[in-house]
K.L.:
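Please see the structure below; I have some questions.
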Amino acid sequence: MAVHAFTSFSYSYLDRARVFAASLRRQHPDWIIWAVLTDKEPDCYELDWSREEYDRIITAELLFGEATDQWLFGHDIVEACTAVKGRALQFIMEDETAEKVFYFDPDIAVFNSMKPVVDILDNYSIVLTPHQIDPEPSGDTIAILDNEVASLSYGIFNLGFIAVRNDTEARRFADWWAARLQDWCHDRLDIGIFVDQKWCNLIPCFFDNVKILRDPGYNVASWNLSQRKLRFNPDGQAEINGTALRFYHFTKLGSIGATMTHRYAGNNSEIFELWWWYRAEIEKSKDPRLPSKWWHYGTFADGTAIPKEARELYRNREDLRKAFPDPYRTGHNSFLEWLRANTDLATM
Amino acid sequence: MSDIIDELDSQKAGWRTGCAGRTLFALKRSLGEAATKLSFKRIGLRHLAIDGAVKLSSEHSNDADIRSVLFGPTSLDQISAQWLRADAPDLLMTSPELESILGTACAGGAKLVLALSHDDYTSIPGGLQFCVQREEEQVRLRGGVYLNLHPFQPLPRLAKADKGADFSVNLVLNGSALATCRMSSLIQVIQRISAMQIPVEIIIHHLLGFLPEQVSTLIAATGSKKCFFWLHDFFSLCPNYLLQRNNKAFCNAPKPQSNACGVCLYGLERRDHLARICMFFERNEVHVISPSEVALSLWSDRANFPIAAKYIVPHSHLIWAERSIERSSAAFASPITIGFLGQPADHKGWPVFERLAAALKSDKSVRFVVMGVKKPVNKKMKWTKVNTTAANPTAMAYAVAQEKLDIVLHWPSWPETFSLATHEGIEGGAFIVTNDASGNVAKIVEETGCGVVLKDEASLLVFFESGAAIDLAQAARLRRQGTTVSRQLSEMTVPLLFGAR
């Protein structure tokens, strides 16, 4: 029996996935690490997976079969990479060696042992980390808006992490989650859903043996930095509010992440040291052979970018799905041709 | 303005895909249509302000500090590349030439002392350089010959152990620049000189820029494995000799597998660095000399190297003498003078001094003075040029006394192994204000009672704003009136080489 862990990414996040896997391997050399890849390789590119830290690879095609391409057309890259998680969890839980299964987003780095959560799963079926575990001060309107109100909109729990024990209750959760993500993994705040994450507000309502982990060392990110301080103790261990930093979620590497981190890290310069390290690691992990922002499912066959609205239209219109079973195809009688003739969504 | 709003609209909101609840987005959503009527202004990375509405400022006092972390060098290789000299040595002295010169200098059986340091101690100011000057002077007084070698190519690390590496060293003989030669040539000469029964001793003040493997070969050429190894700083524990994680904060030299080393610029190098230093200690009989008990204690706790012996040899001792002069109460009426001594460097607490001066700029009862070789960029403070050398060892103490410094703020970000500046400050009549992580500085203050040790910068400001600093200044003035302090400089390694006088 073993602990299995997986992450979900496309090739544009290969660098992050590498940093994540290396960090997890350092802490848990004995875990089985899976890559769930929702992408296909560009022409003339081949990744030698034997040189990567991943033990197993699953693709979206493996999970969804012939329906994959059509189904993925209705999802943008974030929706797609999150929509596969439910079914991937089911798949991994069918591995008889998978006693416990962890999910991490690829832009996470693990700094210290996750054993406390492994131990928690001896008594719980599901472990979740909320975006925040401490309220913002009542007078801090901006922080309340940024953090608490945002959690109410996008999900109480951050689904950059979830851990389950391979038992009846967790499999019941996995089945329910996979079913919802099959049809409802969309960015639709207007109707109260947000990809895979918002659904998980319902976990404590629908399932038993759920542990809501209120340890500040887990899932540290810009959305909870207002209440968490990073220090290195005399032995060099990273600590958040005096307890070990287990993993940090480097969400949105770039100007946005920097802005929010800067805003809420304040004078906690150690946080910026962490970001400096992460950027340097990402830089070292890049594969220069990969085209920038590559995603196989991001364009029509002729390279035209697929507009978000086109995806939404396609997934909401059964007649279009029947008429254009291969929505990526271009040329005569293609969906792209129809879009250009009937909408202003694909004017390029 | 529209660019900002367009950027927001085009970004995926929310934790997973984009803004992670970005301030402007959150506010825009909460304000709804009203948001589009507001004027948004982005000011760099630091804050977003809405004119005429809620101010969303998030300025932080250490923005420059944060930028230096975020956008600093990504590797020690990158830093080292900036150190590389474009020139090669004009002329390399050959072994026969060098042997002839050293043979002549050591005629009559004079002991040859080889002292390794990281730079030219005769021309570059600094505490370590002062110590080497002092040592050279004392060796010569004992009839010895002092040959300093320092790398022709200075580096912020050990030189890389490339196969067949044979780097060049600059030689300074009895205080005068002699030549540049290959290390292999020097090794050859030392071997021959030693074979002629000329006693040769080796002192390592610093290994920065050296190949420790080749230094071991140099030691072996003396016919002995013995060398003296000074703990002027903690280079033997980490390429960052001040133990500053990412050049920002004291790290306490944790294990190389620690989180701190893992995210540090120097972390990757450190593993190899420690292995090479350890091998150096294993290959040689290293006699460790520490200028303080504090430094030896920290080093011993962290260093897992075999040593042949250890000594504590402070660079100086303070000597107190009562003086009987008429005490003047007028002396207490003047503003208190706070000084910064030495190089205005981050690790010496310069930013803390600047922040204190800025915080107290309206306080007419306080004045700030800087003393050292390098003029600070901050032109608001009085600067007095002071260069302490072996020829003029009391230059700083004299300047402190002349300026009537009451308090020296010495706020290092690392535990100083000795701190000549602290002794100089006390010798000049000032009291010392320092932090509790300053190593031997705090120890000196506690042992002499000449100052105060505070917990952190917040406590420092309270100390001044509460009037406690005035009390301390008064105590310093009272002491100046009643006592003189002088310093007796040590002979450095000389007693261990030549015996006590």
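Letters A, B, ... mirror the listed sequences (proteins, then strands); counts begin at 1. What you see is a predicted model; the values in this text were computed from it and never measured.
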K.L.:
Once rounded to the nearest 0.5 Å, what's the spacing between atom CG of N259(B) and atom OH of Y248(A)?
P.N.:
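OH of Y248(A) is found 14.0 Å from CG of N259(B).
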K.L.:
Could E273(A) and K248(B) be called an ion pair, given the rule that one side-chain N must be under 4.0 Å from one carboxylate O?
P.N.:
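Looking at E273(A) and K248(B), the cut-off is not met.
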K.L.:
Applying side chain to side chain contact (heavy atoms under 4.5 Å, CB included) between V263(B) and each of W276(A), W277(A), W275(A), Y278(A), report the one that passes.
P.N.:
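The single option meeting the side chain to side chain contact (heavy atoms under 4.5 Å, CB included) with V263(B) is W277(A).
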K.L.:
Does atom CG of L268(B) have more than 12 heavy-atom neighbours, drawn from other residues, nucleotides or ligands, at distances under 6.0 Å?
P.N.:
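No, the 6.0 Å shell around CG holds no more than 12 heavy atoms from other groups.
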K.L.:
Considering only heavy atoms, which portion of C251(B) lies under 4.5 Å from any heavy atom of chain A: side chain, backbone, both, or neither?
P.N.:
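For C251(B), the backbone is the part near chain A, not the side chain.
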K.L.:
Looking at G267(B), G262(B), A253(B), which has the largest count of heavy-atom pairs under 4.5 Å with chain A?
P.N.:
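Most pairs with chain A among the choices: G262(B).
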K.L.:
How far apart are the closest heavy atoms of S258(B) and G236(A), and which atoms are they?
P.N.:
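For S258(B) versus G236(A), the nearest heavy atoms are CB-O, 3.8 Å.
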K.L.:
Would you say R26(A) and Q257(B) make side-chain contact, with heavy atoms under 4.5 Å?
P.N.:
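No. Closest side-chain heavy atoms not under 4.5 Å.
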K.L.:
What's the spacing between E283(A) CD and S75(B) OG if we round to 0.5 Å?
P.N.:
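One finds 12.0 Å between CD of E283(A) and OG of S75(B).
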K.L.:
Just wondering, more than 12 heavy atoms not from D301(B) lying within 6.0 Å of its CG?
P.N.:
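Enclosed.
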K.L.:
What pair of heavy atoms forms the shortest contact from N252(B) to P234(A), and how long is it?
P.N.:
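Closest heavy-atom pair between N252(B) and P234(A): ND2-O, 3.1 Å.
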K.L.:
More than 12 heavy atoms of other residues, nucleotides or ligands under 6.0 Å from CZ of F6(A): yes or no?
P.N.:
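Yes - once you tally the heavy atoms of other residues, nucleotides and ligands closer than 6.0 Å, there are more than 12.
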